[in-house]
Amino acid sequence: MVDTKREIERKYESDDSGLPDLTGVAGVAAVVDKGVAQLDAVYHDTTDERLAAASITLRRRTGGSDAGWHLKFPVAPGVRDEIRAPLSDTVPSELAGLVRSRVREAELVPVVRLRSDRDVRDLLDADGRLLAEVSVDSVRAERLSGGGGSAQWTEIEVELADDGDPVFLDKVEKRLRKAGVQPSKSASKLARALAETAPRGRKRRRPQRSAAEPVTAGDHVLAYVRAQRDAVVALDPAVRQDEHDSVHRMRVATRRTRSALRSYGKVLDRAATDPIGVELKWLAGELGVDRDREVLTERLTAALAEVPPTLVSGPVGSRLLTWANASRGGSRRRLIGVLDSERYVALLDALDALINEPPLLKAAAGKPGKVIAKAVRKDFGRLSGLVTEAIELSPGQDRDVAVHEARKQAKRTRYAAEVAVLALGDPAKALARSMKSLQGLLGDHQDSVMVRQTLREISAVAHAAGESSFTYGVLYGREEGRAAAVEAALPGAWQAITGGTDV
């Protein structure tokens with residue numbers, strides 16, 4: 001069993017003179033001495049410190065009021081999400097899963113031990129409510145792997161109370177600075193311990209930073225692929241915890257990557273990238289199992305809410321709810337299984353290899369304004385043919401298929417334009433925006449197609465149970481109308497795009 005806590009704190013250097021008087025901080029009515037706690041924490045990481053490079057910490061700590069395993073993910077400067085699990089001898093499987101996208105098949109081992117004497121003060125308001133916890137930590141660090149160095153220091157830590165106003169930390173900092181206390185140069189105790197106990201001359205992974213400004217066409221494409229790879233890796237823990245919209249965002253990152261590899265086949269050798277594309281398609285499909293059902297559920301629920309009560313016949317709402325929840329638990333377990341699979345890890349490794357040793361073709365060294373623009377124009381030309389075909393076909397299944405193919409190509413053209421933004425500037429931005437708009441229009445049509453198919457399935461189940469299928473027919477007819485409206489709007493929308501495209 002794990003739980004998550006948002007941690008907002010600031011760290012400061014200390015010269016062993018103790019804690020300055022904080023009774024003058026605005027809003028503080030009392031400073032309560034909570035005594036000294038002895039904390040003993042062992043931090044775990046891979047031998048090459050992959051978690052530390054991503055500013056992630058995993059520790060087993062005893063002492064204090066929150067003994068247990070703590071996994072911390074950075075959210076913003078001074079803000080981290082701390083996921084806690086009970087004490088155990090080994091890393092809890094729930095926490096190990098949350099760092100799998102970083103660790104892969106490497107072993108998590110003890111890397112640093114920190115023992116701290118924590119002198120704690122509570123800052124309370126006039127009603128006795130906790131505003132923040134302030135501590136003076138005397139730290140002794142011992143490296144457990146890759147050497148045997150040690151270090152010690154004293155620091156001041158100010159942690160905001162749960163649901164507190166971050167502005168209060170500014171007030172505390174103002175008082176500390178007035179007393180000569182300066183912010184810490186290290187983001188965390190672990191970062192400082194690793195730096196100060198590292199064997200002399202040893203190179204260790206540095207915190208991840210953005211790549212250098214792209215110059216060649218290959219640089220631009222690889223920068224985009226790298227950003228999508230980073231998004232997949234970073235979203236992995238959120239997907240495992242079922243955070244809102246995380247599955248959708250990871251799916252989009254996989255699609256963006258696959259699309260870029262296809263669009264820029266003159267830059268990156270498709271003989272090397274096509275197998276990766278196959279695996280990206282597989283992952284996107286697995287991520288889409290729940291997402292597609294969620295989208296259809298939202299649309300069906302909204303559509304039913306618009307139907308007058310006099311036209312609702314039978315338990316339509318409960319039927320929709322049953323359909324929406326079907327296999328939800330099973331699909332979640334399946335998705336976690338996918339993220340734990342060797343196939344998924346192999347895909348992440350393949351993306352790393354692609355970025356670190358890219359299969360560059362001759363065009364990769366070319367000027368981005370020429371090479372990238374040519375690729376975008378090629379995608380746009382293909383889209384033009386598909387849209388024209390969709391417009392010319394008569395309403396029916398063939399047009400539905402043509403509109404769907406045009407939607408997929410609009411998405412691919414949009415992603416190709418995103419790659420081109422740094423190289424081509426405003427024209428690429430404008431094209432990406434127009435492609436997003438077109439994608440939304442055509443996506444509404446595809447949703448209508450899928451909703452009608454779902455209505456036929458649910459209606460058949462209701463009919464077999466002896467229920468009226470009248471309302472499903474009403475909903476079906478309305479969806480036909482929505483699809484027809486999209487088809488009627490498409491020629492004008494396409495004319496507006498072609499009249500303003502300049503790439």
_Nearest heavy-atom neighbours spanning R399 and I391_ =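 Taking every non-hydrogen atom into account, NH2-O, 3.0 Å.
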Exam field: side chain [X] to backbone [Y], donor-acceptor pair closer than 3.5 Å:
| X | Y | answer |
| --- | --- | --- |
| R102 | R50 | no |
| R229 | V225 | no |
| T498 | Q495 | yes |
| D219 | T216 | yes |
| D269 | A271 | yes |

Looking at side-chain heavy atoms only, is the closest gap between [X] and [Y] below 4.5 Å?
| X | Y | answer |
| --- | --- | --- |
| L71 | F73 | yes |
| M435 | F380 | yes |
| W323 | L296 | yes |

Enumerate the salt bridge (charged side-chain N to carboxylate O under 4.0 Å, His left out) contacts for [range], please, sequence neighbours excluded, ordered by first and then second residue.
| range | result |
| --- | --- |
| residues 380-398 | D379-R382 |
| residues 67-79 | E7-K72, K72-E82 |
| residues 307-324 | R319-E467 |
| residues 418-428 | R256-E418, R414-E418 |

Can you list everything that forms a side chain to side chain contact (heavy atoms under 4.5 Å, CB included) with [X]? Sequence neighbours excluded, please.
| X | result |
| --- | --- |
| V289 | S331 |
| R262 | R258, R270, R412 |
| A346 | none |
| S188 | R80, L190, A191 |

Could you check whether [X] pairs with [Y] (Lys NZ or Arg NE/NH1/NH2 to Asp/Glu carboxylate O, under 4.0 Å)?
| X | Y | result |
| --- | --- | --- |
| R100 | E105 | yes |
| D352 | R104 | yes |
| D162 | K5 | yes |
| E157 | R10 | no |
| R240 | D236 | yes |

*Taking the six-membered ring of W69 as reference, does the NZ or CZ atom of R59 fall below 6.0 Å from its centre and within a 45° cone about the axis?*
no
*Apply the test side-chain contact (heavy atoms from CB on, under 4.5 Å) to residues L51 and L108: give CA-CA distance (whole Å), side-chain angles for both, the deciding distance (0.1 Å), then the verdict.*
CA-CA 10 Å; L51 298 185; L108 287 168; 4.0 Å; yes
*Set of ring pair (Phe, Tyr, Trp, His ring centres under 6.0 Å) partners for H445, sequence neighbours left out*: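 Not a single residue meets the ring pair (Phe, Tyr, Trp, His ring centres under 6.0 Å) criterion with H445.
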*Taking V239 as the fixed residue, which of I336, V247, V232 is the one that meets the side chain to side chain contact (heavy atoms under 4.5 Å, CB included) rule?*
V247
_Please list all pairs meeting side-chain hydrogen bond (donor to acceptor under 3.5 Å, both in side chains) that have one or both residues in residues 303-318, counting only residues at least two apart or in different chains._
S313-S468
*Go through the structure and list residues passing salt bridge (Lys or Arg N to Asp or Glu O under 4.0 Å) with E479, not counting sequence neighbours.*
R299, R482
_By side-chain hydrogen bond (donor to acceptor under 3.5 Å, both in side chains) - contacts of E243 (at least two apart)_ = none
*Verify the neighbour count for atom NZ of K411: are there more than 12 heavy atoms of other residues, nucleotides or ligands below 6.0 Å?*
yes
